[in-house]
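For clarity, every value in this text was computed on a predicted model and none was experimentally measured. Within every chain, numbering begins at 1; the chains are lettered A, B, ... in the order of the sequence lines, protein sequences first and strands thereafter. Basis for what follows: all heavy atoms, side chains included, without hydrogens, waters or symmetry-related copies.
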2 protein chains.
Amino acid sequence: METDDAGRLRPRERIIKTARELFRRHGMRGIGVDAIAEQAGTNKMTLYRHFGSKDDLIVACLRDVAAENDQIWIDLETAYPGDPLAQLHAWLRVGAECAVGDSRGCDMANAAVELAEADHPARHVIEEFKTAHRNRLAKLCRDAGIVKADLLADSLWLLLEGARVSGQSVGATGPGAHLISIGEAMIAAFARRTPPERKAPKRAAVSA
Amino acid sequence: METDDAGRLRPRERIIKTARELFRRHGMRGIGVDAIAEQAGTNKMTLYRHFGSKDDLIVACLRDVAAENDQIWIDLETAYPGDPLAQLHAWLRVGAECAVGDSRGCDMANAAVELAEADHPARHVIEEFKTAHRNRLAKLCRDAGIVKADLLADSLWLLLEGARVSGQSVGATGPGAHLISIGEAMIAAFARRTPPERKAPKRAAVSA
DNA sequence: ATATAATGTTACAGACCGGTAACACCCAGT
DNA sequence: ACTGGGTGTTACCGGTCTGTAACATTATAT
């Protein structure tokens with residue numbers, strides 16, 4: 001009795017899609033492969049034909065998450081082509097949506113918390129993803145003409161990570177509610193001192 | 001064959017102490033009550049005489065964590081009596097220690113991630129603790145003469161939460177490595193603009 | 001139409017888990 | 001010395017979990 005997905009996609013895709021949702025809702029240790037397979041409208045045997053183990057499925061899901069998040073950067077570029085500062089502000093808004101609109105935060109960070117074993121195969125996927133994401137954000141800050149680009153990137157990064165994890169403790173009305181205004185103020189503070197040879201790009205400045 | 005704790009403390013304390021350590025190392029869903037009891041130098045039966053269920057034990061452990069963290073505020077006050085600004089800086093340093101020195105972040109936040117069920121008995125302990133801590137930090141900022149105290153408190157809060165969760169994804173060399181410098185800059189930025197009717201509090205005025 | 005691959009079904013193995021029962025023990029307080 | 005509460009020991013229950021075996025069924029490609 002599948003509750004999820006019409007038979008449109010092939011089993012493998014349905015399983016990943018369903019597993020991601022159930023992992024997110026119940027935690028990776030809080031849901032079994034049997035429940036995932038059933039919810040995906042298939043069965044455990046087929047699941048194990050596509051994914052050698054539950055850990056393999058977890059890794060596949062995290063790769064799926066990574067691919068989905070990589071798309072965000074493309075969307076930002078197409079939304080504000082050639083305007084890295086606007087992309088930076090948009091990045092903040094997208095992050096804030098995830099932090100306040102959803103009560104389960106970041107799948108990658110959650111996986112890092114839940115999969116405590118240092119040698120779990122998912123860990124290097126997580127680390128790779130987070131590092132790449134951080135580097136991309138730093139590049140965006142650099143392209144936006146921020147002087148201390150790395151420092152701004154790390155600041156915004158910590159704010160976003162904090163907002164997403166805080167939402168899971170105290171909900172959306174907690175400190176994460178002010179993520180955007182805090183982040184905007186931070187961008188403004190870093191953009192204030194621009195390199196002398198470049199014009200200061202005027203853009204929304206929100207008071208702290 | 002107990003590996004932990006000499007028989008000094010009574011079983012209940014040993015169990016909580018050991019459970020906290022193992023929960024932290026393996027995650028709450030990654031360790032069983034049997035292993036906890038054995039590591040604590042006792043057995044499952046005694047564990048269940050003191051804690052009616054594993055969830056009860058989890059709650060007891062989180063209360064223990066809360067009590068331990070409440071002590072931090074007392075220590076800050078005794079270390080810098082009547083100097084809330086110094087206490088604020090010290091708070092940041094203490095938080096940074098936890099964020100970079102330890103690879104498992106905040107027990108409370110981790111529990112919130114791991115115990116996904118919305119009605120888990122531990123959730124209200126977590127929320128209560130996080131809210132109280134946030135309020136205390138806001139009060140500290142207020143006492144330090146910060147104008148937008150709540151906003152600074154939330155900013156620092158997000159930074160710390162972010163650093164602690166980030167450390168579990170990319171380790172101590174990630175963005176969390178700059179927590180202190182970022183936080184210091186933020187405190188400085190907020191302290192710069194002082195209330196006009198009030199003199200710049202070089203010696204911060206303490207209000208009850 | 002037929003060969004071939006993918007999927008479904010059922011049953012099961014083996015391990016672990018949370019939780020309990022029954023009984024033996026030990027040690028403090030009187 | 002005795003009594004009683006806390007503790008240790010062992011065995012067990014029922015459930016759930018990951019993972020597999022064997023076989024039936026369906027879809028696909030040629």
Side-chain angles (χ1 to χ4, degrees), chain A residues 1-62 111 114-117 119-122, chain B residues 1-20 22-23 25-62 111 114-117 119-122:
Chain A
M1 194 78 67
E2 77 265 31
T3 320
D4 208 352
D5 323 315
R8 294 254 171 280
L9 303 88
R10 313 212 55 163
R12 187 172 206 278
E13 322 306 322
R14 296 204 313 263
I15 290 170
I16 288 186
K17 190 172 184 296
T18 307
R20 277 189 53 181
E21 181 195 328
L22 294 183
F23 282 158
R24 184 168 182 78
R25 183 157 47 201
H26 303 322
M28 296 178 158
R29 298 209 131 111
I31 196 74
V33 289
D34 223 336
I36 294 171
E38 187 183 359
Q39 185 86 357
T42 178
N43 51 69
K44 196 168 49 169
M45 203 55 237
T46 297
L47 188 152
Y48 272 102
R49 287 195 191 103
H50 284 283
F51 310 93
S53 69
K54 187 183 183 181
D55 281 347
D56 279 8
L57 175 59
I58 289 176
V59 168
C61 284
L62 291 182
E114 205 164 2
L115 308 175
E117 307 99 312
D119 59 345
H120 193 285
Chain B
M1 200 77 63
E2 76 268 28
T3 320
D4 210 351
D5 321 317
R8 291 261 168 273
L9 302 87
R10 311 210 51 146
R12 186 171 208 279
E13 323 305 324
R14 296 204 312 262
I15 290 169
I16 288 186
K17 189 171 183 300
T18 307
R20 277 189 54 180
L22 293 183
F23 283 158
R25 183 155 48 199
H26 300 104
M28 296 175 160
R29 298 209 131 109
I31 196 74
V33 288
D34 222 337
I36 294 171
E38 187 183 358
Q39 185 85 358
T42 178
N43 51 67
K44 197 166 51 167
M45 202 56 238
T46 298
L47 188 152
Y48 273 101
R49 288 193 190 104
H50 285 283
F51 311 94
S53 68
K54 187 183 182 181
D55 282 347
D56 279 8
L57 174 59
I58 288 174
V59 168
C61 285
L62 290 183
E114 206 164 1
L115 308 175
E117 309 98 309
D119 59 344
H120 193 285

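- Distances were taken from every side-chain heavy atom of B/R14 (C-beta onward) to each of D/dG8, C/dT9, D/dT7; the shortest belongs to D/dG8.
- The CD1 atom of A/I16 sits 10.5 Å away from the CZ atom of A/F23 when rounded to the nearest 0.5 Å.
- In this structure, A/T46 does not reach the C/dA6 phosphate: none of its side-chain N or O atoms is under 4.0 Å from OP1 or OP2.
- Taking atom CZ on B/R49 and atom P on C/dA24, their separation rounds to 14 Å, with Å as the unit.
- Residues A/R29 and A/E117 are paired through a salt bridge, judged by an N-O separation under 4.0 Å between the basic side chain and the carboxylate.
- For B/R12 and D/dT7, the shortest distance from a side-chain N or O to OP1 or OP2 is not below 4.0 Å.
- Look at B/H50 and you'll find a side-chain N or O under 4.0 angstrom from OP1 or OP2 of D/dT7.
- Between A/P11 and B/M45, it is A/P11 whose nearest contact on DNA chain C lies nearer the 5' terminus.
- The B/S53 side chain lies nearest to C/dG19 when the options are D/dG8, D/dT7, C/dG19.
- Here the side chain of B/K44 is nearest to one of C/dT20, D/dT18, D/dT20, namely C/dT20.
- Under a 4.0 Å N-O distance rule, the pair A/K17/A/E13 does not qualify as a salt bridge.
- Of the inter-residue distances, the one linking B/E38 atom CD with B/N43 atom CG reads 10.0 Å to the nearest 0.5 angstrom.
- Comparing C/dG18, D/dG8, D/dT18 by their closest approach to the side chain of B/K54 singles out C/dG18.
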